[in-house]
Number of protein chains: 2
Amino acid sequence: MVARTGLLQIGQVAERTGLSLRTIRFYEENGLVRPTSRSGGGFRLYSDDDVARLEVIKRMKPLGFRLEEMQELLTLLADLTERPEDAALTDRLRMFHEAAAARVHALREQLDIAERFAADLAGRLD
Amino acid sequence: MVARTGLLQIGQVAERTGLSLRTIRFYEENGLVRPTSRSGGGFRLYSDDDVARLEVIKRMKPLGFRLEEMQELLTLLADLTERPEDAALTDRLRMFHEAAAARVHALREQLDIAERFAADLAGRLD
DNA sequence: CTCTCCCCTGACGTGAGGGTCGAGTTGCGG
DNA sequence: CCGCAACTCGACCCTCACGTCAGGGGAGAG
């Protein structure tokens with residue numbers, strides 16, 4: 001039985017987020033999400049905040065950022081909620097937004113090409 | 001000066017297709033596109049058909065097929081133009097089309113998530 | 001001839017994970 | 001308390017589609 005402390009084991013986190021155990025551990029190795037604590041035996045124990053962080057990463061993934069960049073963006077967003085006035089932070093965020101917009105554009109083009117190719121294939125099926 | 005035989009060196013093909021030299025060579029290593037011939041010194045010489053083949057591959061890429069699958073699809077399409085009656089070929093093509101449609105769907109979802117995330121970022125820039 | 005490109009092969013690196021393994025942990029039922 | 005199934009651990013190798021680097025060869029201009 002899991003304690004009602006709200007801490008989850010990696011398997012439960014995986015179920016909740018749709019990420020694989022391996023992926024979650026991989027993110028930790030790369031400094032993206034460290035579990036709040038460990039059990040006596042060494043099991044990773046995640047807080048709701050940890051899970052939220054993982055879910056943000058999951059939402060970022062389609063943008064094609066690298067893990068390193070996602071890490072930067074996560075800490076940037078955290079810093080910004082603490083010091084929203086900081087111009088340097090805002091500038092950095094603007095750059096991320098531009099990159100995201102560019103990526104959205106690229107994704108739209110890919111979708112377009114993919115749709116046309118699928119239509120071509122369909123045309124062959126007469 | 002390049003001979004007017006219509007044969008292109010790899011660099012010219014790269015320029016024409018937007019693929020990198022490395023990528024073109026890699027495709028050859030994996031049996032996707034073999035240059036029609038070689039110069040005396042061993043330079044790859046590509047015909048227009050070769051280039052067309054590369055361009056088909058480029059259009060397939062957003063669908064996320066693996067190189068092996070692209071190769072199969074390319075030969076399948078070639079076989080189909082020769083024997084359009086063959087039911088086995090048509091079936092195989094139908095499977096490719098289904099996979100393509102699924103991938104298009106997935107791409108659309110990714111685009112959706114990406115757009116929402118970009119909008120979130122924009123919202124932070126007030 | 002040299003100079004300057006362009007091209008060659010071969011080997012190793014990278015990014016984001018996936019698979020597998022043997023060993024240790026947890027916690028329930030009895 | 002013991003047994004046991006389910007869960008987890010770290011460590012390792014595998015994959016895919018290239019990028020990158022090293023060391024060399026070919027083509028044509030001057």
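Below, chain A is the first sequence line, B the second, and so on; all start at residue 1. Reckoned from all heavy atoms, side chains included, excluding hydrogens, waters and symmetry mates.
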To the nearest Å, give me how far apart [atom1] ([X]) and [atom2] ([N]) are.
{"X": "B:Glu29", "N": "C:dT9", "atom1": "CD", "atom2": "P", "value": "9 Å"}
{"X": "A:Leu63", "N": "C:dG15", "atom1": "CG", "atom2": "P", "value": "19 Å"}
{"X": "B:Asn30", "N": "D:dA17", "atom1": "CG", "atom2": "P", "value": "8 Å"}
{"X": "B:Glu69", "N": "D:dC16", "atom1": "CD", "atom2": "C1'", "value": "12 Å"}
{"X": "A:Met70", "N": "C:dG17", "atom1": "CE", "atom2": "C1'", "value": "12 Å"}
{"X": "A:Glu28", "N": "C:dG17", "atom1": "CD", "atom2": "P", "value": "15 Å"}
{"X": "A:Phe26", "N": "C:dT20", "atom1": "CZ", "atom2": "C1'", "value": "18 Å"}

Not counting sequence neighbours, which residues clear salt bridge (charged side-chain N to carboxylate O under 4.0 Å, His left out) with [X]? List them please.
{"X": "B:Asp112", "value": "B:Arg116"}
{"X": "A:Arg124", "value": "none"}
{"X": "B:Arg22", "value": "B:Glu29"}
{"X": "A:Arg38", "value": "A:Glu28"}

OP1 or OP2 of D:dG19 sitting under 4.0 Å from any side-chain N/O of B:Ser20?
-> yes
Report yes if a side-chain nitrogen or oxygen of B:Tyr27 is closer than 4.0 Å to either non-bridging phosphate oxygen (OP1 or OP2) of D:dC18; otherwise report no.
-> yes
In chain order, what residues pass the side chain to side chain donor-acceptor pair (under 3.5 Å) check against A:Thr23, with sequence neighbours excluded?
-> A:Ser20
With sequence neighbours excluded, what pairs up with A:Phe43 under the ring pair (Phe, Tyr, Trp, His ring centres under 6.0 Å) test?
-> none
Can you list the residues that meet the side chain to side chain contact (heavy atoms under 4.5 Å, CB included) rule with A:Ala101, with sequence neighbours excluded?
-> none
Quick one: side chain to side chain contact (heavy atoms under 4.5 Å, CB included) partners of B:Phe117, sequence neighbours excluded?
-> A:Val56, A:Arg59, A:Met60, A:Leu63, A:Leu73, B:Leu121
Candidate nucleotides D:dG19, D:dA17, C:dA16, ranked by approach to the side chain of B:Thr23 - the nearest | D:dG19
By nearest nucleotide on DNA chain D, pick out whichever of B:Gly40 and B:Lys61 is the more 5' one.
-> B:Lys61
Annotated protein contacts, base or backbone, on nucleotides 4-11 of chain D with a non-hydrogen cut-off under 4.0 Å, one of B, S, - each = ---BSSS-
Bend across the helix from C:dC1-D:dG30 to C:dG30-D:dC1, to 10°, with axes taken over 5 pairs at each end?
-> 0°
Show me the donor-acceptor pairs within less than 3.5 Å that the side chains of residues 89-97 of chain A make with the rest of the protein, sequence neighbours left out.
| residue | atom | partner | partner atom | Å |
| --- | --- | --- | --- | --- |
| A:Thr90 | OG1 | A:Asp86 | O | 2.9 |
| A:Arg92 | NE | A:Glu72 | OE2 | 2.7 |
| A:Arg92 | NH2 | A:Glu72 | OE1 | 3.3 |
| A:Arg92 | NH2 | A:Glu72 | OE2 | 3.2 |

Say whether B:Ile57 and A:Ile113 are linked into one hydrophobic cluster, either directly or through other cluster members, by side-chain heavy-atom distances under 4.5 angstrom.
-> no
Supply the atom-to-atom distance A:Asp48 CG to A:Glu55 CD, rounded to the nearest 0.5 angstrom.
-> 10.0 Å
Residues touching DNA chain D, which here means a heavy atom under 4.0 Å, drawn from residues 106-118 of chain A = none
